[in-house]
Amino acid sequence: MGAVILGTGSCIPERVLSNHDLEKMVETSDEWILSRTGISTRHISGKGEQTYQLATNAARRAMEMAAVSADEIDLIVVATISSHMLMPSCACFVQNELAAKKAFAYDVNAACSGFLFGLDNVDKYLRAEPGKKVLLIGAETLSSRTNYQDRNTCILFGDGAGAVVMEYRNEDRGVVASNLFSDGALWNLLYMHTAPSCNPDIEQPDNPGAHILMEGREVFKYAVKAMEGAIRDLLEREQVDLGEVSLMIPHQANIRILNKLVSRLGINKEKVFVNVQKYGNTSAASIPIVLDEANREGRLKPNDLLLVCSFGGGFTWGATLVKW
Ligand code: ACO
């Protein structure tokens, strides 16, 4: 039917940054952060934990579970907005680390929706090229892009990586369908500059450096509405009843966005996987980290229907159905 996931893996940096730690850095409180976001802790990279290194560790764990070796991988896709270099891609660094000699490699930038957009790319690639094997990774070190003097944003983000190994199978499972969207007109509600331009003729007014900037309330409003719309459209198109969904795997932005989405959809809360309290918002890494946790906890059973959804900078958003 489509591209199936053969194995999952994740890698979370060791260092924990708690709400109490943040109380010492900006004017905030554990109570404010918990009640507004549901986040208690997030993990922050240290030495040897660059984006490509987290990505490589997550990939190794996914490959081990899938019993696939690096020389069998044909394509490596990394969804990220926080690679340590703009060029080469994070995926090329991962390819080098793994010595996955025959793989071609590239990054996807769709902010928090990167893994979902990558999943659609990979599904279509594998349908066209059955027999190939793909590593799809979401990896971020958002701590390198967060202004720890800005209490509006620094409480939200964390670091981590998740990975899946995929292959086309002519079986009744795998990626069923996706419903993806972007609206570039809303770019200025959530964005991050690169380093200032070297070309004086290319204007970059008020470039404050590569920090995440956000209009939190607006993001909140759009995120709930957009994900609800994408999900409802997809279910209708695929003639799937919400009751048939075994587990919802949403991007872990914050608990209030998730609660609102869950109540608008009317899905049973127990069917929604949440780990934002531990890791905060890890952007493109959040969905594959959840997939790996759910998988290793035995929450994913053959024939389960998974509803994956995301929203992020761009804006970018969407929903995907996966039959496990
Ligand atoms: N601690 C204490 N007070 C704070 C903090 C903080 N960390 N941050 C902001 N405040 C203050 C504000 O300055 C404001 O004070 P004022 O009224 O004196 O001006 C007050 O709290 C209320 O601020 P709001 O922005 O209105 O707070 P809100 O209830 O909207 O919560 C939040 C802010 C948590 C950012 C919320 O808007 C939100 O969840 N937005 C979604 C953003 C998000 O998840 N972005 C992630 C990227 S996109 C994605 O992944 C989907």
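Everything numeric in this text was worked out from a predicted model, so none of it was measured. Counting convention: from 1, in listed order, for ligands and their atoms alike.
The contact set between ligand 1 and Glu27, taken as ligand atoms under 4.0 Å from a residue heavy atom, comprises 1 (N), 2 (C). Listed by number with element, the atoms of ligand 1 under 4.0 Å from a non-hydrogen atom of Asn281 are 46 (C), 47 (C), 49 (C), 50 (O). Each of the following atoms of ligand 1 lies closer than 4.0 Å to a heavy atom of Ile155: 7 (N). Each of the following atoms of ligand 1 lies closer than 4.0 Å to a heavy atom of Phe311: 49 (C), 50 (O), 51 (C). Less than 4.0 angstrom separates some heavy atom of Leu190 from each of these atoms of ligand 1: 47 (C), 48 (S). Below 4.0 Å from some heavy atom of Cys112 lie the following atoms of ligand 1, by number and element: 50 (O).
Between Glu293 and Lys278 there is a salt bridge, since a side-chain N of the basic residue sits under 4.0 Å from a carboxylate O of the acidic one. Salt-bridge check for Arg169 with Glu167: passed, with a basic side-chain N closer than 4.0 Å to an acidic carboxylate O.
Distances from atom 3 (N) of ligand 1 to the heavy atoms of Trp32, Phe315, Trp317 put Trp32 nearest. Across Arg217, Lys260, Arg256, heavy-atom proximity to atom 32 (C) of ligand 1 is greatest for Arg256.
Scanning the protein for heavy atoms near atom 29 (O) of ligand 1, the closest one is Arg36 NE, 3.1 Å. With respect to atom 1 (N) of ligand 1, the closest heavy atom belonging to the protein is Thr28 OG1, 2.7 Å. Among all protein heavy atoms, the one lying closest to atom 13 (O) of ligand 1 is Arg151 NH2, 3.0 Å. Of all protein heavy atoms, the one lying nearest to atom 40 (N) of ligand 1 is Gly216 O, 2.9 Å. Regarding atom 45 (N) of ligand 1, its nearest protein heavy-atom neighbour is Met214 SD, 3.1 Å. With hydrogens left out, the protein atom closest to atom 9 (C) of ligand 1 is Asn152 OD1, 3.2 Å, a heavy atom. For atom 44 (O) of ligand 1, the closest heavy atom belonging to the protein is Asn254 ND2, 3.1 Å.
Polar contact with ligand 1: present for His251 (N/O pair, distance under 3.5 Å).
The shell of residues lying under 4.0 angstrom from ligand 1, judged by heavy atoms, excludes Gly312.
Under the 4.0 angstrom criterion, atom 7 (N) of ligand 1 counts as having a protein heavy-atom contact. Taking a distance limit of 4.0 Å, we find that atom 17 (O) of ligand 1 is approached by no protein heavy atom. Atom 42 (C) of ligand 1 is approached by the protein to below 4.0 angstrom, counting heavy atoms only.
No side-chain N or O of Asn254 forms a donor-acceptor pair with one of Thr37 less than 3.5 Å apart. Side-chain contact of Thr56 with Gln53: a donor-acceptor pair under 3.5 Å is absent, judged by distance alone. Between the side chains of Asn259 and Arg264, no donor-acceptor pair is found at a separation under 3.5 Å. The closest side-chain donor-acceptor pair between Asp159 and Ser143 falls under 3.5 angstrom. Side chains of Ser69 and Asp71: a donor-acceptor N/O pair is present below 3.5 angstrom, by distance only.
The local environment of OH in Tyr222 is sparse, with at most 12 non-hydrogen atoms from other residues, nucleotides or ligands closer than 6.0 Å.
With hydrogens and angles ignored, the 3.5 Å screen pairs no side-chain donor or acceptor of Glu140 with any backbone N or O of Thr51. A donor-acceptor pair under 3.5 Å is formed between the side chain of Lys271 and the backbone N or O of Val245. Under a 3.5 Å cut-off, the side chain of Arg61 and the backbone N or O of Ser10 do form a donor-acceptor pair.
The structure places CZ of Arg42 at 11.0 Å from CG of Asn281, a figure rounded to the nearest 0.5 Å.
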